[in-house]
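One structure is given here, and the rest of the page talks about it.
Chain naming here is simple, since letters A, B, ... match the order of the sequence lines and numbering starts at 1 in each.
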Protein chains: 2
Amino acid sequence: MTATTLHRPTHRDALALLEEAFGDGRMVTMFGRCTVEYDGRATSSLGPGDRLVVCKPDGTILVHTDEKRKPVNWQPPGCTHRASVRDGRLRVRSERSTPTERLDVRFERLEQVSAYEVTDRSDLRLTGSEEDLRERILDDPALVEEGFVPRATERETAAGPVDIFGEDAEGRPLVVELKRRRVGPSAAGQLRRYVEAVDAEFPGEGVRGILVAPSVTDRTKELLDEKGLSFVAAEPVAAEDGDRSEGDGE
Amino acid sequence: MTATTLHRPTHRDALALLEEAFGDGRMVTMFGRCTVEYDGRATSSLGPGDRLVVCKPDGTILVHTDEKRKPVNWQPPGCTHRASVRDGRLRVRSERSTPTERLDVRFERLEQVSAYEVTDRSDLRLTGSEEDLRERILDDPALVEEGFVPRATERETAAGPVDIFGEDAEGRPLVVELKRRRVGPSAAGQLRRYVEAVDAEFPGEGVRGILVAPSVTDRTKELLDEKGLSFVAAEPVAAEDGDRSEGDGE
DNA sequence: GCCTGGATGTCGTGA
DNA sequence: TCACGACGTCCAGGC
């Protein structure tokens with residue numbers, strides 16, 4: 001892990017560092033007054049302003065202003081970065097094909113350039129996802145309803161894969177759609193399509209559909225009722241029973 | 001526009017710069033070996049590794065590895081950043097309420113800290129959006145079909161606002177759903193919901209629905225056909241007729 | 001504040 | 001490669 005930084009570099013010096021860093025897979029940040037042109041899936045133009053530009057060795061480029069979580073401009077992984085000096089400005093160009101996309105950042109003034117070497121990595125562990133909800137229900141199918149017997153996950157249907165497919169206490173086919181958080185009408189439509197597809201496979205068997213999520217919007221509940229579908233409240237992680245006090249320390 | 005940088009600072013020096021920068025609204029970057037803990041809408045834990053951390057004055061914080069476009073951890077705008085030294089490590093904590101979310105970044109080694117002052121701004125101009133497609137069609141409704149007469153945009157229905165509502169050459173109500181790029185089955189479902197809602201308003205008038213997009217997937221085309229809906233190919237920006245030669249210069 | 005739907009969404013997975 | 005759906009989606013706009 002090292003960091004190399006140039007403060008108010010000449011374009012020539014900045015160019016040398018950029019080419020070196022792009023070549024040996026270092027991460028780069030630039031800060032300065034620049035314009036940005038993008039052409040690809042859409043087309044955009046960003047007038048002069050102060051921005052932070054991040055270039056990653058996997059081909060990602062991010063242009064950040066001092067607001068918002070999303071970069072104002074970017075390119076996804078897989079792009080090729082090149083730096084050059086044109087008309088007295090330092091230009092960083094990032095391109096890819098399929099789809100054809102190009103991003104040009106032109107600095108009229110560069111306050112700082114840094115190159116960082118990344119050596120240590122470690123993977124993220126995340127809980128609270130839809131997969132956690134699925135595991136929870138497979139552990140305890142009664143969370144959906146008494147007597148529910150899961151038979152398959154991601155079972156293919158004409159309308160796409162069903163999250164959990166099984167039988168209810170009466171032996172009727174049961175389609176379960178999972179959502180990790182509060183849902184809107186689209187989930188009701190999704191479940192309806194699945195139930196119709198499965199119904200076509202098991203005519204006359206009275207296929208049922210249940211949406212499992214922490215909660216649903218009012219409109220969604222109406223839609224479910226109209227279609228003869230059900231909602232069951234469940235969270236991807238078991239709710240805590242006690243409240244925690246949270247101080248500043250550890 | 002200024003940049004202040006500390007190379008391999010002591011935690012004490014880094015803390016002083018962070019507090020100063022958080023206080024006067026500067027953007028901050030940090031690079032070093034750190035762990036990250038998040039708890040909020042989900043829960044995650046990231047073991048030690050080299051990362052770039054960006055703190056914005058609007059309360060955004062981003063933790064980037066050397067891969068991917070998305071930060072591995074983050075907080076959205078509106079959070080409060082605080083820095084402190086705990087157990088010999090520099091800790092940056094970012095919190096918000098509604099929902100309650102907390103992010104802790106703990107540096108065991110800090111290679112560099114920088115604070116940037118952002119003064120100049122400029123807004124992004126973007127073309128190729130769904131709104132551009134709408135304007136194109138309102139300019140030339142025959143792009144949808146000969147004789148189409150738009151009557152309203154964002155017209156409210158029981159299923160939500162319809163992109164363009166109008167009449168066909170026969171005077172029948174026509175619902176137009178716009179998508180700026182190639183679409184999947186969800187768009188067919190969305191259009192179907194709109195058409196059903198409008199059909200309930202104009203019983204017996206033979207309400208029609210047309211999906212306008214650059215292209216659709218095969219499955220989506222099937223779904224549209226099943227429901228008696230149509231697809232018309234159109235791009236948000238007029239396609240160029242000639243090919244451009246693209247050199248490296250300007 | 002909640003709800004809704006677009007996005008240069010990004011990202012993983014499977015065919 | 002494309003299609004499809006999840007995501008701590010983010011985000012603007014309405015109410």
Side-chain angles (χ1 to χ4, degrees), chain A residues 36 38-44 60-63 67-79 94 96 98-103 124 126-134 154 156 159-163 177-187 190 193-194 215-220 236-237, chain B residues 38-44 60 62 67-78 96-103 124 126-134 154 156 159-163 177-187 190 193-194 215-220 236-237:
Chain A
V36 186
Y38 161 75
D39 193 26
R41 287 166 291 174
T43 301
S44 77
T60 303
I61 184 168
L62 309 169
V63 181
E67 291 181 331
K68 298 293 155 66
R69 207 211 69 137
K70 290 180 59 174
V72 63
N73 277 114
W74 71 91
Q75 287 281 53
C79 297
S94 176
R96 71 162 171 166
T98 63
T100 299
E101 288 189 297
R102 173 189 293 173
L103 185 73
L124 185 73
L126 185 132
T127 59
S129 63
E130 184 178 302
E131 186 179 346
D132 291 302
L133 180 55
R134 179 171 62 226
E154 301 299 319
E156 277 306 329
V162 164
D163 285 335
E177 172 64 23
L178 306 175
K179 293 293 171 190
R180 63 173 300 280
R181 62 169 199 173
R182 182 176 175 83
V183 295
S186 62
Q190 193 179 355
R193 289 198 304 276
Y194 291 147
S215 64
V216 296
T217 64
D218 293 348
R219 177 79 191 118
T220 306
V237 185
Chain B
Y38 161 75
D39 193 26
R41 285 167 291 176
T43 300
S44 75
T60 303
L62 309 169
E67 291 181 330
K68 298 292 153 68
R69 207 213 71 138
K70 291 179 59 173
V72 63
N73 278 114
W74 71 92
Q75 288 281 52
R96 69 161 172 168
S97 45
T98 61
T100 300
E101 290 188 297
R102 174 188 293 174
L103 185 73
L124 185 74
L126 186 134
T127 59
S129 63
E130 184 178 300
E131 186 179 346
D132 290 301
L133 179 56
R134 179 171 64 224
E154 302 298 322
E156 278 305 329
V162 165
D163 285 335
E177 171 64 22
L178 306 175
K179 293 294 170 190
R180 64 171 299 280
R181 65 167 198 174
R182 181 175 176 84
V183 294
S186 63
Q190 192 179 356
R193 289 198 304 277
Y194 291 148
S215 63
V216 296
T217 64
D218 293 348
R219 176 81 192 114
T220 305
V237 185

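Side-chain contact between Glu154(B) and Asp163(B) is present, with at least one heavy-atom pair separated by less than 4.5 Å. Side-chain atoms of Leu103(A) and Asn73(A), non-hydrogen and from C-beta on, do get closer than 4.5 Å to each other. Considering only heavy atoms from C-beta on, Leu62(B) comes within 4.5 Å of Arg69(A) through its side chain.
If you check every strand for non-hydrogen atoms under 4.0 Å, Pro77(B) touches sugar and phosphate atoms only.
The phosphate of dG8(D) (OP1 or OP2) has no side-chain N or O of Arg102(B) nearer than 4.0 angstrom. At dT1(D), one or more side-chain N or O atoms of Thr98(A) fall inside 4.0 Å of OP1 or OP2 (strictly under the cut-off).
In this entry the distance linking CG of Leu62(B) with C1' of dT9(D) reads 14 Å, nearest Å. Straight-line distance from the CZ atom of Arg41(B) to the P atom of dT9(D): 5 Å, rounded to whole Å.
Closest-nucleotide positions on DNA chain D for Arg69(A) and Ser44(B) were compared, and the one nearer the 5' end corresponds to Ser44(B).
Taking the C1' atom of each, dT9(D) and dG5(D) are spaced 13 Å apart, rounded to whole Å. As rounded to the nearest Å, dC11(C) and dC11(D) have P atoms that lie 15 Å from one another.
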So which protein nitrogen or oxygen atoms get under 3.5 Å of nucleotides 3-7 of chain D's nitrogens or oxygens?
residue, atom, partner, partner atom, Å
dA3(D), OP1, Arg182(B), NE, 3.3
dA3(D), OP1, Arg182(B), NH2, 2.1
dA3(D), OP2, Arg182(B), NE, 2.7
dC4(D), OP2, Thr217(B), OG1, 2.6
dA6(D), OP1, Lys179(A), NZ, 2.6
dA6(D), OP2, Lys179(A), NZ, 3.2
dC7(D), OP1, Glu130(A), N, 2.9

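Between Arg193(A) and Glu177(A) there is no salt bridge, since no side-chain nitrogen of the basic residue lies less than 4.0 Å from a carboxylate oxygen of the acidic one.
Atom OH of Tyr38(B) sits about 8.5 Å away from atom CG of Leu126(A), to the nearest 0.5 Å.
Boundaries of the chain A contact region on DNA chain C are dC3(C) to dC11(C), first to last in 5' to 3' order (nucleotide atom under 4.0 Å from a heavy atom).
Taking each heavy atom of Val216(B) and Arg182(B) in turn, the nearest pair found is O-NH1, 3.2 Å. What you find for Arg180(A) and Glu130(A) is that their closest heavy atoms are CB-N, 3.8 Å.
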